[in-house]
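Below is one structure, written out as structure tokens; comments come after it.
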Protein chains: 2
Amino acid sequence: MAQQRKSTIHDIAQLAGVSRATVSRYLNGHRWVSSESAEKIKAAIEQTHYVANTHARALATGKAGSVAFLLGEPQKLLFEDPNFASLLRAVADELGKRNTSFLMMTTDNAQEEQRNLEYLQAGHVDGVIQVAWHQDSSSMIRGLVKAGIPTVVAEHPSDDTLPVGYVHVEDYGGARKAVEYLLDHGGKRVAMISGPQGPSGTRDRVRGFIDTVTMYTQIHQGDPSLPVNLQEYCDTHIVYGDYSAASGEECMTKLLAQDCTIDAVFVSSDAMAVGAIRALRNQGLQIPQDVQIIGFDDSSAAKLADPPLTTIRQPFDEIGKHLVQQLMQIIDGQAPVGVTLPCELVVRESTR
Amino acid sequence: MAQQRKSTIHDIAQLAGVSRATVSRYLNGHRWVSSESAEKIKAAIEQTHYVANTHARALATGKAGSVAFLLGEPQKLLFEDPNFASLLRAVADELGKRNTSFLMMTTDNAQEEQRNLEYLQAGHVDGVIQVAWHQDSSSMIRGLVKAGIPTVVAEHPSDDTLPVGYVHVEDYGGARKAVEYLLDHGGKRVAMISGPQGPSGTRDRVRGFIDTVTMYTQIHQGDPSLPVNLQEYCDTHIVYGDYSAASGEECMTKLLAQDCTIDAVFVSSDAMAVGAIRALRNQGLQIPQDVQIIGFDDSSAAKLADPPLTTIRQPFDEIGKHLVQQLMQIIDGQAPVGVTLPCELVVRESTR
DNA sequence: GTGAAAGCGCTAACAT
DNA sequence: ATGTTAGCGCTTTCAC
């Protein structure tokens with residue numbers, strides 16, 4: 001099993017009868033290499049299965065040729081949230097096309113945050129893709145910015161004056177689409193189970209919910225089944241979970257205890273929606289006959305759920321693609337921008 | 001946001017008033033460094049937030065300080081199979097403790113296999129953790145072996161004469177535990193929905209199923225509700241899915257079409273079990289009253305399912321830990337071994 | 001178009 | 001216990 005000595009650029013140069021510099025030029029720009037030399041080099045490479053050593057290249061260029069996928073999440077949630085896998089896949093794909101490798105890191109607490117920051121500063125990677133859907137990540141982002149590390153964030157950062165790129169779906173718009181659908185399909189007493197407070201996506205979705213309900217109530221002023229004191233209504237009909245199924249169940253139970261006339265609920269993740277359904281069933285309520293429900297994400301859980309969930313689809317392929325694209329541009333010195341992607345309502349059987 | 005020049009070992013040496021070699025010694029073994037110098041170096045490092053550049057180190061040592069997590073899977077299954085996430089997490093954790101970074105690669109087809117192999121041969125990583133639960137990966141493993149890359153595999157390789165380490169759960173034993181439980185709790189006509197043919201875990205579980213049924217039938221010879229022609233019974237009562245919920249539904253439907261007296265089924269993944277439940281319900285069958293069901297994995301889906309699934313738990317934390325441990329030992333030159341972990345029956349509500 | 005030479009940041013003999 | 005020196009494999013001026 002002796003690891004055969006890996007061939008180096010030197011071997012190729014010798015084999016092709018040219019200098020190492022020429023091989024290097026061939027490897028990169030392909031410019032200023034005579035087609036004759038190019039042929040010989042090509043042959044030598046094929047013959048030896050030569051592949052350049054990244055570490056040497058990184059050392060020489062000061063570029064790592066890799067990026068970090070940084071998860072700022074409490075560990076247990078990684079299991080519950082299928083969206084991570086979806087995004088990870090999309091990002092891995094896109095990175096693969098640019099043959100940039102990536103390494104994954106998770107940040108659980110302030111201490112790890114510091115450790116990771118130091119690691120990243122050491123120049124192991126050219127940039128980082130930061131994901132933190134469950135908790136506020138602004139301190140990490142600030143650290144990255146301070147360290148001068150090109151960064152993109154997979155959400156709308158709470159502080160969007162920070163020079164980092166970001167891409168996210170239109171949380172506000174998505175919430176509006178969901179709530180409008182519920183209202184248009186007979187919902188009168190609609191509640192919301194939101195994600196955790198902290199990430200700004202939560203705020204935007206909550207705003208979307210409130211605005212939509214407000215607008216609808218104004219238009220249909222006469223309707224006695226609609227809420228009267230809107231302020232108070234929203235205070236009691238919006239509860240905050242942690243995106244897990246368990247918390248969805250909890251939240252729904254709480255909601256029902258406060259108001260048993262709820263007939264529709266917009267839930268900020270499919271996983272929580274599954275939990276909510278369980279709570280609803282526990283009270284003998286039927287979906288969608290008694291209460292309609294709309295989730296968020298269109299994760300695999302949405303299709304598997306019983307009944308299959310109407311939900312707001314997050315286009316993770318697109319998100320991943322833009323994330324990588326953005327990051328590469330920032331690494332190339334361009335100014336970071338924010339990208340907001342539309343999201344789409346997928347109608348299944350949890351609504352009427 | 002100018003990236004402040006990263007401090008190098010040289011800076012530290014100067015700051016501490018020692019030579020670079022001494023700093024290097026401090027950084028690594030900590031040996032042959034006077035406590036006096038050590039103090040000064042430590043101070044300098046803290047002051048500058050110095051972290052060694054991995055690429056330089058890798059170049060100098062010939063060790064990469066990182067490993068590859070290699071997924072040999074068709075892309076779509078990555079979404080469906082929560083076990084990947086579980087294992088990934090465990091591995092990431094364990095690697096983190098040894099502060100070894102890792103990069104993730106996926107291999108979808110023969111072409112990518114070649115590409116990845118070349119990449120890995122280039123010395124980017126010290127070793128490979130290979131996962132391929134849904135399809136046979138022996139050609140990739142052979143390639144890895146041929147290239148002399150230290151490798152561990154997260155399953156029982158079909159060809160276990162290959163010099164790679166592996167760790168997996170006792171598939172045979174797990175299947176036996178499940179089927180025995182079913183039989184002991186009133187199951188008479190038990191069927192099996194297996195994973196895809198190819199990976200050897202499938203074979204072992206199928207064997208566990210057959211052996212258990214055979215043994216039980218021999219012991220209870222008189223019982224008229226037990227199968228008569230065992231050979232034929234197994235041929236028709238074992239079907240092969242692809243671990244996805246959809247395939248579980250399909251398989252169950254097929255099974256029911258052949259024999260509507262089935263009263264228990266052992267399913268080789270929780271996801272498929274969820275699909276199977278759906279198929280059962282479509283026929284108006286109740287779980288666990290009419291038919292009992294046991295899954296495999298104890299993934300999050302098992303808890304979320306309705307009813308919550310009795311299942312065989314795979315200890316992914318342990319698996320990840322052993323995988324990394326094994327790999328490190330192989331990298332250090334030890335001969336690879338196989339590790340088989342026990343798995344445990346978790347009783348929930350899909351059985352009586 | 002091509003080669004010589006310097007150097008990226010680090011480690012590892014070797015000498016002291 | 002510490003410093004000196006020579007690379008690791010590659011890129012990149014700078015001459016030619």
Side-chain angles (χ1 to χ4, degrees), chain A residues 3-42 44-45 48-66 99 118-119 121-126, chain B residues 3-42 44-45 48-66 99 118-119 121-126:
Chain A
Q3 174 125 359
Q4 62 242 47
R5 197 179 74 68
K6 284 179 281 277
S7 52
T8 72
I9 199 172
H10 190 98
D11 303 329
I12 303 298
Q14 278 202 315
L15 242 168
V18 298
S19 78
R20 308 207 296 292
T22 304
V23 178
S24 176
R25 260 178 243 124
Y26 171 86
L27 254 25
N28 304 289
H30 274 236
R31 286 194 297 248
W32 282 299
V33 177
S34 67
S35 52
E36 196 184 341
S37 305
E39 279 308 317
K40 285 190 286 188
I41 295 171
K42 190 169 167 223
I45 289 179
T48 55
H49 296 291
Y50 167 80
V51 188
N53 177 318
T54 359
H55 299 298
R57 177 173 286 169
L59 227 207
T61 57
K63 290 257 160 232
S66 68
N99 61 67
E118 279 171 9
Y119 182 87
Q121 276 179 79
H124 294 119
V125 299
D126 297 326
Chain B
Q3 175 125 0
Q4 62 241 45
R5 196 179 75 69
K6 285 179 281 276
S7 52
T8 72
I9 198 173
H10 189 99
D11 303 329
I12 304 299
Q14 280 203 314
L15 242 168
V18 298
S19 77
R20 306 206 299 289
T22 305
V23 178
S24 176
R25 271 187 292 263
Y26 171 87
L27 254 25
N28 304 289
H30 275 235
R31 287 194 296 247
W32 283 299
V33 177
S34 68
S35 53
E36 196 184 341
S37 305
E39 278 308 318
K40 286 190 286 187
I41 293 171
K42 188 165 166 229
I45 289 178
T48 56
H49 295 292
Y50 167 79
V51 187
N53 177 319
T54 1
H55 299 298
R57 177 174 285 168
L59 228 206
T61 56
K63 291 256 161 232
S66 68
N99 61 66
E118 278 172 11
Y119 182 88
Q121 277 180 78
H124 294 121
V125 300
D126 297 326

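Quick note on labels: first sequence line is chain A, next is B, and so on, each numbered from 1.
In this structure, the separation between CD on B:E36 and CD1 on B:I41 is 11.0 Å, given to the nearest 0.5 Å.
Following rounding to the nearest Å, A:Y26 (OH) and D:dT11 (P) show an atom-to-atom distance of 13 Å.
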Inset, instruction - Give the B/S/- string for nucleotides 10-16 of chain C, one per nucleotide from 5' to 3', where a protein heavy atom under 4.0 Å of the base yields B, of only the sugar-phosphate yields S, and otherwise -. - result: BBB----
Side-chain polar contacts of residues 14-21 of chain B - donor-acceptor pairs under 3.5 angstrom, sequence neighbours left out - could you list them?
from: B:S19; atom 1: OG; to: B:A21; atom 2: N; distance (Å): 3.4
from: B:S19; atom 1: OG; to: B:T22; atom 2: N; distance (Å): 3.4
from: B:S19; atom 1: OG; to: B:T22; atom 2: OG1; distance (Å): 3.3

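For C:dG3, the OP1/OP2 oxygens have a side-chain nitrogen or oxygen of A:T22 closer than 4.0 Å.
Residues B:I12 and B:L27 form no side-chain contact, since every pair of their non-hydrogen atoms from C-beta on lies 4.5 Å or further apart. By the 4.5 Å heavy-atom criterion applied to side chains, B:N28 and B:R57 are counted as neighbours.
Judged as a side-chain hydrogen bond (donor to acceptor under 3.5 Å, both in side chains), and not counting sequence neighbours, B:S66 has no contacts.
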